[in-house]
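Heavy-atom basis, side chains included; hydrogens, waters and symmetry copies ignored. Letters A, B, ... mirror the listed sequences (proteins, then strands); counts begin at 1.
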2 protein chains.
Amino acid sequence: MRLTTKGRFAVTAMLDLALRGGKNPVTLAGISERQDISLSYLEQLFSRLRRHELVESVRGPGGGYYLARPLGDVSVADIIRAVDEPIDSTQCGGKENCQDEHRCMTHDLWMGLNAHIYDYLDNVTLATLVAKQDECKEKVLQDRRALKISLVA
Amino acid sequence: MRLTTKGRFAVTAMLDLALRGGKNPVTLAGISERQDISLSYLEQLFSRLRRHELVESVRGPGGGYYLARPLGDVSVADIIRAVDEPIDSTQCGGKENCQDEHRCMTHDLWMGLNAHIYDYLDNVTLATLVAKQDECKEKVLQDRRALKISLVA
DNA sequence: GGAATAGTTGACTAAATTGCTCGGGAATTT
DNA sequence: AAATTCCCGAGCAATTTAGTCAACTATTCC
């Protein structure tokens, strides 16, 4: 599993999609502007997201992308898996011979670590993130209210 | 937090160090051979690990590296933090203005996710990995015994 | 039908990162 | 003194990241 800015961009974009996505599709141009990601890069990312059936597209005016599944069914791990190349995993390329001390070490252990991280990211869905987003918004409102009061007082 | 092959190499090397490290320092040449990582690359990685005080070095014949702390005090996150560049975190570069909807999203949420992953990796130490390694060895021995029995029978 | 909108695709590129070579040091042991 | 080993910097090929550009197709609206 690789965790790079690429995956971050993809998650951010998908989250934008999740937040804006009502009945109408969301345009890449809009995401590009709001999230400050270049349009062409988004095109590349969404090409993959579409091939992995995480989003669906509508062409023409009023078109754009929308999520192919409910928020709770799209995990962060799904998104990262979609935009990152297949990852050749370990250097021994799939030989599961645990006999050799080294293989066992580099292979098995790191894979276990990997699996655990995936496990976690598999359980963080867009729904989770949207919920947190709402929480955050709520907090901002509260802060503003508090600020107003302190200014008045 | 970035999770790349670089960090993987570093963790693998440190694990090798942990497994071999008795009273005598372990040479990079040895790690290089056992783990199939180029010596020069190891030198670069260990230069950072040393600067982060995760390892200590002894020069001259019979020299090498040894862990600067007990196994349980070196987490995978420590290692990755050491070899990966300071990571400029988010694009907004540290402005904590949650006011703006986008910043809040890309910044706060991803940072939370990050924190969670770190949280996990902070709790996986070399001691944890060594324990797993021993488990694995045990398994191999059992398998061999089973194989022997089935061959004899 | 024609214009505008948006996705689709492919080629190409600049910059950064990865992983490595080489060459020379400096410290330490024998 | 010689061998060993860490130390360090320059440089380099391959890959990845992030992006530009250009041509194309499907769709909607007029």
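The shortest side-chain heavy-atom distance between A/I79 and A/L126 falls under the 4.5 Å cut-off. The side-chain heavy atoms of B/D73 and B/L67, taken from C-beta on, include no pair separated by under 4.5 Å.
A donor and an acceptor atom sit less than 3.5 Å apart, one in the side chain of A/Q44 and one in the base of D/dG19.
Going from atom CD of A/Q35 over to atom P of D/dA18 covers 15 Å, rounded to whole Å. The nearest whole Å value for the distance from the OH atom in B/Y65 to the C1' atom in D/dT5 is 9 Å. With rounding to whole Å, B/D84 atom CG is found 16 Å from D/dT16 atom P. Rounding to whole angstrom units, CG of residue B/L42 and C1' of D/dC8 are separated by 15 Å. Distance CD (B/E33) to P (D/dT5): 12 Å, rounded to an integer number of Å. At whole-Å resolution of the value, CD1 in A/I80 and C1' in D/dT16 are 16 Å apart. To the nearest angstrom, P of D/dT17 lies 5 Å from NZ of A/K6. Atom CZ in B/R51 sits about 9 Å away from atom C1' in D/dC8, given to the nearest Å.
Of the side-chain N and O atoms in B/T4, one or more sit less than 4.0 angstrom from OP1 or OP2 of C/dT18. For C/dG7, neither phosphate oxygen OP1 nor OP2 lies less than 4.0 angstrom from any side-chain nitrogen or oxygen of A/R50. Note on B/T5: a side-chain N or O is less than 4.0 Å away from OP1 or OP2 of C/dG19. For B/S57, a side-chain nitrogen or oxygen approaches OP1 or OP2 of D/dC7 to under 4.0 Å. Contact annotation: A/R2 side-chain N/O to C/dT17 OP1/OP2 distance is not under 4.0 Å. Of the side-chain N and O atoms in A/S38, one or more sit less than 4.0 angstrom from OP1 or OP2 of D/dT20.
Of the residues near DNA chain C, A/G62 and A/S40, the one whose nearest nucleotide (by heavy atom distance) lies more toward the 5' end is A/G62. Both A/G7 and A/V58 sit near DNA chain D, but only A/G7 has its closest nucleotide nearer the 5' end.
Linking ILVMFWY residues whenever their side-chain heavy atoms come closer than 4.5 Å, directly or via other members, leaves A/L54 and A/Y66 in distinct clusters.
Looking at the side chain of B/E43, the nearest of the listed nucleotides D/dC8, C/dA27, D/dA18 is D/dC8. Taking the side chain of B/P61 as heavy atoms from C-beta on, and the options C/dT28, D/dC8, D/dA18, the nearest nucleotide is C/dT28.
Backbone-only contact: B/L28 has heavy atoms under 4.0 Å from sugar-phosphate atoms and none from a base.
To the nearest 0.5 Å, the span separating CD on A/Q35 from CG on A/L17 amounts to 10.5 Å.
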Trace of the side-chain hydrogen bond (donor to acceptor under 3.5 Å, both in side chains) decision for B/T12 with B/R8: CA-CA 6 Å; B/T12 300; B/R8 214 170 304 210; over 6 Å; no
